[in-house]
2 protein chains.
Amino acid sequence: MTVLFSKKCEYALQSLLFLAEFQDEGILSADHIANHLDIPKEFVSKILRSLTKSGLVVSQRGKTGGFQLAHAPERISLMDVIADIDGTAVFEDCLFCHPSCNPDAPCPVHETWSLMQNQLSHLMKNTHLDNFIPGQSLHQFQQDVNA
Amino acid sequence: MTVLFSKKCEYALQSLLFLAEFQDEGILSADHIANHLDIPKEFVSKILRSLTKSGLVVSQRGKTGGFQLAHAPERISLMDVIADIDGTAVFEDCLFCHPSCNPDAPCPVHETWSLMQNQLSHLMKNTHLDNFIPGQSLHQFQQDVNA
DNA sequence: GTTATTTCGGACTTATTTATCCTGTTTTAA
DNA sequence: TTAAAACAGGATAAATAAGTCCGAAATAAC
């Protein structure tokens, strides 16, 4: 039932994509974001606070407070978010091998799986928040996937 | 911290790969498998029992009992195992979209992500247990990944 | 200054996954 | 016939992930 990323990471991605899309509106509260994404408010709040700590967003306290991207959407990659929340094991570890498998004594699919991992990793690194804003071009994506 | 598949699925794959590799030795006990894979014995036992129910392996009770593949290794794909244990959501659901995203109103990476999912799905469907037995060719893999 | 609203941070609860235990049944071999 | 070894399966326990709560500090508007 696992779906590549943790719930936390999924919510983080969705929240940042939301912040990117409505960047013009300035600071947005956790409550506002949670309502629009249909995600538990307190959970979003907690996740955004941790993203604040790691520097991906900036926060403002007090009435009319909330969160905002720390950098331009085109400078925040999906990998930045994923690495911060879930880590990079999914892009590095060989899943199908017996425990003894390693680069020196690889299992038969080691190379192939590595290839898939590299493609995934490449896609995440080269996909930025701005690619999700309606109207953006898909050129970069198509190139990456077919590379 | 999620790594594509659940622990259960990972152990299932490793156990079946082990059964495929040592198919000549006939019935192997959960204890034997667990020892070689360094996985909790009772957990392996439980997983193999559920695989017995779904027909991927056959079991024999009593002293000298154990498990064996229900079909030839070349007829069991990784997808068979994954679909049985974890389901296929990871190959179908769009993770990056706002909840409102769907094929009719796709988010900007919908197509690209679908492509990645199809590649992954294709790889899992076209990779069979026999591909992991030492000495097997990698041709089929390389074709799939680069297709 | 007071009040309302929001982030901050930690403690807490709940749900799910992972792992273990125990009792029963089956089968083999001595 | 009996003992040992193994699967069957439900109950339980431990660990992790997901989600909630609350008091405190900050800030804007009145």
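Just so it is clear: chains get the letters A, B, ... in the order the sequence lines come, proteins before strands, and each one is counted from 1.
Screening A/L28, A/V57, A/L19, A/V58 against A/Q68 for a side chain to side chain contact (heavy atoms under 4.5 Å, CB included) leaves a single residue, A/V58. Under the side chain to side chain contact (heavy atoms under 4.5 Å, CB included) rule, A/F67 has a single partner from A/L48, A/V44, A/L16, which is A/L48.
If you take CD1 of B/I33 and P of D/dC7, they are 8 Å apart, rounded to a whole angstrom. Nucleotide D/dG9 holds its P atom 16 Å from the CD1 atom of B/I47, rounded to whole Å. Going from atom CD of B/Q60 over to atom C1' of D/dA5 covers 12 Å, rounded to whole Å. With rounding to whole Å, A/Q68 atom CD is found 16 Å from C/dT6 atom P. The distance from atom NZ of B/K41 to atom C1' of C/dC21 is 11 Å, rounded to the nearest whole Å.
Of the two residues near DNA chain C, A/T52 and A/K63, the one whose nearest nucleotide lies more 5' is A/K63. Take the nearest nucleotide of DNA chain D for A/K8 and for B/R49: the residue whose nucleotide is more 5' is B/R49. With the nearest nucleotide of DNA chain D identified for both A/E42 and A/C9, A/C9 has the one nearer the 5' end.
Side-chain contact of B/S77 with B/D80: a donor-acceptor pair under 3.5 Å is present, judged by distance alone.
For the OP1/OP2 pair of C/dT5 and a distance below 4.0 Å, the side-chain nitrogens and oxygens of A/T64 include no atom meeting the criterion. Note on B/S59: a side-chain N or O is less than 4.0 Å away from OP1 or OP2 of D/dA8. The phosphate of D/dA18 has neither OP1 nor OP2 within less than 4.0 Å of any side-chain N or O from A/Y11.
Grouping the Ile, Leu, Val, Met, Phe, Trp and Tyr side chains by contacts below 4.5 angstrom, directly or via other members, places A/F22 apart from A/I27.
On a pure distance criterion of 3.5 Å, a polar donor-acceptor pair joins the side chain of A/K46 and the base of D/dT20. Remark: the B/R61 side chain and the D/dA6 base include no donor-acceptor N/O pair separated by less than 3.5 Å.
Nucleic acid contact for B/G65: sugar-phosphate only, since backbone atoms but no base atoms lie under 4.0 Å from a heavy atom of the residue.
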